[in-house]
Amino acid sequence: MTADRYNAREAEPRWQKVWDERGIFRTRNDDPRPKYYVLEMFPYPSGRIHMGHVRNYTMGDVLARHMRAKGYNVLHPMGWDAFGMPAENAAMERKVHPKAWTYENIGTMKKQLQSMGLSLDWNRELATCDPAYYKHQQKMFLDFLAAGLVERRQSKVNWDPVDQTVLANEQVIDGRGWRSNALVEQRELTQWFFRITAYSEELLAALDTLERWPEKVRLMQRNWIGRSEGLLVRFALDSATTPSRETELKIFTTRHDTLFGARFMAIAPDHPLATAAARKDPALAAFIAECKRHGTAQEIVETAEKKGYDTGIKAIHPFDPSWKLPVYVANFILMDYGTGAIFGCPAHDQRDLDFVNRYGLGVTPVVCPADVDPASFVVTDTAYDGDGRMINSRFLDGMSVPEAKEEVARRLEGERRGNAPVGERQVNFRLRDWGISRQRYWGCPIPVVHCEACGVVPVPEKDLPVVLPEDVTFDRPGNPLDRHPTWKHVACPECGKPARRETDTMDTFVDSSWYFVRFTDPWNADAPTDRAAADAWLPVDQYIGGIEHAILHLLYSRFFTRAMRATRHVGLDEPFAGLFTQGMVVHETYQRQDGSYAMPAEVKIEGAADARRATLTATGEEVKIGSIEKMSKSKRNTVDPDDIIGSYGADVARWFMLSDSPPERDVIWTEEGVQGAWRFVQRLWRLVQEAVAACGETTGVAGDDSAALAIRKAAHRALANVSEDIAKLRFNRCVAHVYELSNALQAGLASAKGRGASPDTRVALREATEILVQLFQPMMPHLAEECWAALGHDRLAAEAPWPQADATLLTEETLTLPVQVNGKKRADVTVPRDAANSDIEAAVLQLDAVRRALDGKAPKKIIVVPQRIVNVVA
RNA sequence: GCCCCUGUGGCGGAAUGGUAGACGCGCCUGACUCAAAAUCAGGUGGCCGCAAGGUCGUGCUGGUUCGAGUCCGGCCAGGGGCACCA
């Protein structure tokens, strides 16, 4: 064998240059072909790309190249999610300006992405930290403000009392600030909010229309929005016990059927009634302060031990004026949800039960399961939240849960106190408005001015963008914009008197909530969008990214698109018609004796299976092979894409990322896997050269010589399978089909060599080779160009139209059906494709295995599933 | 704590409710070679059997079905999200 090795290092940059020079991935908005918009979540420019990016962008690229071959005008852009905290952290730690750091990272990462051979239209590149981008974001903020979609109000933040700064949840570790180590407190600030809750109902309902979204993402969003139908109940307060003149406590409940099981009331630590009561009760004030002494993360609140403080206030049961319930301040009640107050029914809610067990408040079960005797039904440690009949509930006794809910709602609606009904049916959402204020420098400035005389004044459009000042310092914590000597001082746009700029910047989720729209006309200096371009390109046909964005980024983008519609920047509601969430890239970990981690590149692996051991290449020290985890800097189990591309080539990295694991699941990066991919690249190259040698420049249509027919069938079956699987993003199966075809082609070539190929076979072999190259072109585009050129083509493989599978080659004349007896496979039967069921049954009854099983008796039943299986029930 | 997902050979995985293990990795045998690597050909879930074949087998457990990896109930284990990481 004299075949050359395929030299990826030489070939890949060569083909990348050809693609670039011919501009074949540049997309025009006036192209008349049908559009297809494929987008991968744009990266944060953290420094270098990681394997997760390689996986994500390879998947999108396969789809983009495939759709291009299918004749679509494909939009496949790339940009940078360039604002965010890491740039400020770098500034503090390494004394480098966030802007310089960010753009340097972008430069590095762009080069890395380009070395992957992605079919991107780099002409549309954008960075969210560019004033040319955020100018339009500021304009939309003002439009949203005018449309009533922006509000300003108080909300809680994590406050570091030592650094005097606001902390992200990520910066709070075990309740302490990450730099100062001080105990974090909750603090109220006035902040800007986008009124996403104005669209709660719509965002929920429209989930049903997102048919090409994973069901689990829709479910997660549904739960996040959290619509619940319940009852608002106004409990009267015993005036003798209230701190000042409070007369009632409003609660929201979805379990009004259990009102007779009530044992206590609970209010949030920041509920106004709690604040009022604390003014007269120092111990309560201390308890509330204690509750605020941890961060704002919900996880912390809900996993904390359930604690309460009895305020001494009594609430009066709405159905019994003589029944008084104690009002507790409790650490597990959230002011953000409902009214920040509940009634506690321990028998049917686990949290309430834990609470009464701690404070000895007792339990009354009011819903009895169907199969339990009401007289003996008790609840002690486990609350019962199932269905049943009402007990211990006076006029509700004997009713079902829904009947009881209806009866309670009806009675309390009809009863009035003051001039309002005691009960009111209400739909409540868990979804909260989106707080976008950040007390940070490296973000999009919020374009408003605070004037003592005029209040909050929007920056006039002609003055946009409000540009970040560059002369800032990071020697101290806190917001550099706020302490900048001149930037915030500005004349009020309305009255001209000295005023102050807003120094908060926007949440970086705002930046990523509309970049996909901007890509449709990124050159537009006058407006955020060109309506014609945006409406023609959107929605994104296929969006691909990590599952970690299942809720926030995707929900915010859905809201933002609606807000842009309301302010006439786009004409649609849903930005992403198809969504795919890919899994993570994971790798083994290696740990030294001293517990520190070693990187895969530093380690040598020997042996197999149980005998595998790892040693440090440099010193020979043995390291422990640890669990497989998400690639991360802290575990040092990362593999640098540059190293892989440098030694094996981009095609190998791409191929391995697509092989084996289903794209929605995690993929384990292994050295063996990469080498397997590399060997396959070489094998394909040899195969194509052999095929060229065997078939020459043969063209024409193959006849049905039996060898030729077998090859053609294999090729067209692979073609049909790959076409179907790419469309469904089942790339691991595409890989398997390419392997199958190359196996079939290799066998075909070997026997053709032995016997001397007929003209028909030569034509079939050439056709199969061309199909093979086209099938892997989206996945390994450089190798495909090299092979395509070797096959004598002048045009690029990237520009070749997708071949059409010949349907007549996909069906067989006879079928071999498995035969089961009582559900267990015992034999096969081969029948003509269109055999009648009765003929199949007759053939099956002749089989030895079936006769043995029936032992002379007639079968009870024969089930023939056409084209599938036969089951004989003996 | 709440919400969501996943669990199949030695390993990654395949399987519209219809032959469990496609395809790959690894391993074994053979060819080529002085030898090794590379490459090529064949084999490869466990147990019993010379074989034909049988039998067990998709985290555990119960159910629906002619038939369950797939559907339903209960559990166990691992992972993702929880509103200021992106």
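Values below: every heavy atom of this structure, side chains too, minus hydrogens, waters and symmetry copies. Below, read A as the first sequence line, B as the second, and so on, with proteins coming before strands; counting in each chain starts at 1.
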Notebook entry, point to check: With a 3.5 Å cut-off and just heavy-atom distances, do the side chain of Glu740(A) and the base of rC23(B) make a donor-acceptor pair?
Noted result: no

Note to self: Between rC50(B) and rG43(B), how many Å separate the two P atoms, rounded to a whole number?
What the structure shows: 22 Å

Check: Looking only at side-chain N and O atoms, does Arg665(A) come under 4.0 Å of OP1 or OP2 in rU6(B)?
Finding: no

Check: Do the side-chain N or O atoms of Ser661(A) get closer than 4.0 angstrom to the phosphate oxygens (OP1, OP2) of rG12(B)?
Finding: no

Next item on the list: Return no unless some side-chain N or O of Arg826(A) is found under 4.0 Å from OP1 or OP2 of rG67(B).
Entry: no

Check: Has Arg432(A) got a side-chain N or O lying under 4.0 Å from the OP1 or OP2 atom of rC82(B)?
Finding: no

Margin query: Please classify the nucleic acid contact of Val667(A) as base, sugar-phosphate, or nothing, using heavy-atom distances under 4.0 Å.
Written below: nothing

Check: Between the base of rC3(B) and the side chain of Asn223(A), is there a donor-acceptor distance below 3.5 Å?
Finding: no

Next item on the list: Quote, to the nearest angstrom, the P distance that separates rG46(B) from rA52(B).
Entry: 16 Å

Notebook entry, point to check: For Lys635(A) and rG79(B), what is the distance between atoms NZ and C1' respectively, to the nearest whole Å?
Noted result: 13 Å

Margin query: How many whole angstroms separate atom CZ of Phe680(A) from atom P of rC40(B)?
Written below: 11 Å

Notebook entry, point to check: Are any of Arg5(A)'s side-chain N or O atoms less than 4.0 Å away from OP1 or OP2 of rA38(B)?
Noted result: no

Note to self: With a 4.0 Å cutoff (strictly under), does any side-chain N or O of Gln746(A) reach OP1 or OP2 of rC40(B)?
What the structure shows: yes

Notebook entry, point to check: When rounded to the nearest Å, what value does the distance between P atoms of rU65(B) and rA15(B) take?
Noted result: 28 Å

Margin query: Rounding to an integer number of Å, can you tell me how far Ile547(A) CD1 sits from rG78(B) P?
Written below: 20 Å

Next item on the list: For nucleotides rG42(B) and rA22(B), find the distance between their P atoms and express it as a whole number of Å.
Entry: 15 Å

Notebook entry, point to check: Say you pick atom C1' in rU55(B) and the same atom in rG63(B); how far apart are they, in whole Å?
Noted result: 25 Å

Notebook entry, point to check: For the residue pair Trp678(A) and Phe656(A), is the inter-centroid distance of their aromatic rings smaller than 6.0 Å?
Noted result: no

